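Down below is the structure, laid out as C-alpha cells.
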Amino acid sequence: MQGLMMAEPLRVASIIEHAAKWHSDTEIVSRRPEGGIHRYTYAEANHRSQQLARALLALGIENGDRVGTLAWNTHRHFELYYGVAGIGAVCHTINPRLFPEQLVYIINHSEDRLLFFDITFLPLVERLAPICPTVEKWVLLAGPEHLPKESVMPGLCSYEDLLAAQPGGYQWPSFDENTACSLCYTSGTTDQPKGVLYSHRSTVLHALGISLPDALGCSSADVIMPVVPMFHVNAWGLPYAAPLNGAKLVLPGAGMDSASLFELMETEGVTFSAGVPTIWLALLQFMREGQRRFSTLRRTVVGGSSCPPALMKAFVEELSVTITHAWGMTETSPLGTASRLKANQQGLSADEKAAVLAKQGRAVFGVDMKIVGDDGQALPHDGVAFGDLLVRGPWVVRDYFRTPTPGELTADGWFRTGDVATVDPTGFMQITDRSKDVIKSGGEWISSIDLENLAVAHPAVAEAAVIGVPSARWSERPLLVIVRRPGMDVSAEEMLGFFRGKVAKFCEPDAVEFVEQLPHTATGKILKTQLRKDFAGYSVA
Ligand code: ADP
C-alpha cells in the first residue's frame, strides 16, 4: 500500500523559492572579485536566478547540459547554483587551483557548453579557450565595463548584460528529483580527477542533513560565511543550507587571506564559518600576531583533512570559538560524520571531551558507515581495530560521471572511501589515514595523521607532513617534513625528542627534514604524492 502524501519532488530551486518567500529580507553579502561589496536579499537573489534561467534557455541550454564555473564564493556564483540547476541543467563548479592540464581534461571530459568565470581568471581562461572546443560561450562574471577589448574567447559577454536582457518572474519547473543538478570533480589528490554528479534529491537531502544541530547545525539566527570555496564540493552544502534555514550568507569572494576574512567576519557579524585546517591555522597566527578577538564568531566547522587537536584547543581557549570536526569527501556530498558530544559525554573532563571531539565524529543520518578488514568482514567498534571505511546512503556516489568505476562499490553496495578508520563504542569514527598514506613499518601500521597532529602542537612548527620512506629493515619508516614558523627555530633532535613518550616507540619518526613550504592540492591539503616524489631516494638506516 502506498502512502497518501503529496509526491512533491525534491528540487534545488524550491530552496531559493522558500528563502525568497519566507526570508525575503535576509541578506546575502559578497565581496566582488572586481572590487567592492555587494549586498542584496534572498528575494532579489531569486529574481536574478530567474533572469539567469531565462538567459540560459535563450542560449539553448537544455536539460542535462553542463554549465561550467570558474568562480569564487560570490552572489553571482550563488545565482548560478540555482539558475542552472533550476532549469534542469548541471552546474559544474571547477576548481581554478587545479593544474591547467587538469582543467582542460575536466572541461573537455564534462563537455561544458558555457563557462562562467570571475575576472581574476581572465588570463587563465584566455589560455583555456582555444583548447576547450565544447565551450560555445564564455561569460565574464562582472559588468560589461570589465570586458577585455580583444579576446580569443568565443561568444565572450558579460554576465550583467546577459541578465539585463531578461525579465524575472520565471516559474521554476518541476521534474524528477533524480535529475542531475551539479557536478564536482575530485581534486585528484591520489588519482585522475573523477566527476561526481549530484542529483536534486541528494542535494536537498544533504542540505537538510547538514542543517541538523549535531551535524553542521544551521539556523535563521546564524550569519554563515563559507570559507570553503563553492568549487570545493559545493562549499560543503552551505549555499543550500543557508537559504533553506533563512540564515544570512556572507561570501568572501577572492579575499581568502586572513586579514580580509577577519574584516568581513567583523563587519557582517559572522557567527558560523567552515573551511579546511590550513585556513584556520593561518587565521590563528593572524589573530595571535595582532592580539585580535572575534566579536561575533562562535563556531566553525573544520574538515577536508584532519583538524589538529592543538588548533581546536587554541581556538576555544584563546578565541572562544568552538571547532566542529567533520569528515567527508566529494563522493559523499560531502558530509559523512561530525563530532559533537552526546548527553552522556557532557560530564567528561575537559581533556576527555577534547579527545572525543578531536575524532572525525558520528555518522549523520543519511550516511551509514562500517569498517572492514582485508576479508571484507565488519570489524568491532572498540576504538582500536582499524580497517577500510565503507559508507552508503542517499547522498553517496553510486558511480562516476562518464568514468564507470565498478570496483569502487562492494558487491553489497557500499562505497569504498579509501580511508582507514576506527570506530569507538560510542560510535565516534576516527580516521587513521588514507590507505595510500598509511606507513607500513614491519607488521605495524603507523598513522601519518597522528604524527602530523602532534608535530603542529610544537610552538615552532607552522605545518607538518609525515610520509613513509624506504627502510631496509622495516620496509617503511616515517619521515617528518616541517615548515618552521617565521622567526622560530627548532633542531631535528629537539623535534624527534618532542615525540618521545607521546606515541608508541615504533611510531616515532626516524628523521626530520625542514622545507620552506609544503606542496598543496587545489583544495589546500598537503600533496603527499608530490612530497613522496620530492623525497624519492631518501632512506633511513
Ligand atoms: P580529494 O580526494 O581529491 O582530496 P576530497 O575533498 O573529496 O578530495 O577528499 C576527501 C578525503 O579527505 C577523505 O577521503 C579523507 O581522506 C580526507 N578527509 C576529509 N575530511 C577529513 C578529516 N576531518 N580528517 C581526516 N581526513 C579527512
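What's counted below: heavy atoms across the whole structure, side chains too, no hydrogens, waters or symmetry copies. Just so you know, ligand 1 is whichever comes first in the structure, and atom 1 is the first atom listed for that ligand. The residues of the chain are indexed from 1 along the displayed sequence. Worth saying up front: this structure is predicted, and the values here are computed from it rather than measured.
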D419 N/O under 3.5 Å from ligand 1 N/O:
yes

Examine distances only and state if a side-chain atom of D222 and a backbone atom of C218 form a donor-acceptor pair shorter than 3.5 Å.
no

Using a 4.0 Å heavy-atom threshold (strictly under), name the region of R434 that reaches ligand 1: side chain, backbone, both or neither.
side chain

Going by the atom numbers of ligand 1, which of them fall below 4.0 Å from some non-hydrogen atom of G304?
12 (O), 17 (C), 18 (N), 19 (C), 20 (N), 21 (C), 27 (C)

Taking distance alone, with no angle check, do W327 and ligand 1 share an N/O pair under 3.5 Å?
no

Under 4.0 Å to a heavy atom of H325 - the qualifying atoms of ligand 1, by number:
22 (C), 23 (N), 24 (N)

Taking both backbone and side-chain atoms of T330, is any N or O found less than 3.5 Å from an N or O belonging to ligand 1?
yes

Side chains of residues 228-240: which donor-acceptor pairs under 3.5 Å do they make with residues two or more places apart or in other chains?
{"from": "N234", "atom 1": "OD1", "to": "Y81", "atom 2": "OH", "distance (Å)": "3.4"}
{"from": "N234", "atom 1": "ND2", "to": "S182", "atom 2": "OG", "distance (Å)": "3.2"}

Exam field: side chain W72 to backbone P252, donor-acceptor pair closer than 3.5 Å
no

For C307, state whether at least one heavy atom is located under 4.0 Å from any atom of ligand 1.
no

Kindly identify the option in S305, G303, P277 whose heavy atom sits closest to atom 22 (C) of ligand 1.
S305

Does a side chain donor of either R477 or S441 reach within less than 3.5 Å of an acceptor in the other side chain?
yes

Please test Q102 against Y185 for side-chain hydrogen bond (donor to acceptor under 3.5 Å, both in side chains), starting from the C-alpha separation and ending with a verdict.
CA-CA 10 Å; Q102 285 178 312; Y185 280 70; over 6 Å; no

Donor-acceptor pairs under 3.5 Å, side chain of residues 363-382 to any protein atom, not counting sequence neighbours: which ones?
{"from": "D375", "atom 1": "OD1", "to": "Q377", "atom 2": "N", "distance (Å)": "3.0"}
{"from": "D382", "atom 1": "OD1", "to": "V384", "atom 2": "N", "distance (Å)": "2.8"}
{"from": "D382", "atom 1": "OD1", "to": "A385", "atom 2": "N", "distance (Å)": "2.8"}

R532/D437 ion pair, N-O < 4.0 Å
yes

Considering only heavy atoms, which of G524, S306, A326 lies nearest to atom 23 (N) of ligand 1?
A326

Going by the order shown, which atoms of ligand 1 are within less than 4.0 Å of some heavy atom of H232?
6 (O)

Pair T521-T523, side-chain donor/acceptor within less than 3.5 Å:
yes

I'd like to know if G418 contacts ligand 1, where contact means a heavy-atom distance under 4.0 Å to any ligand atom.
no

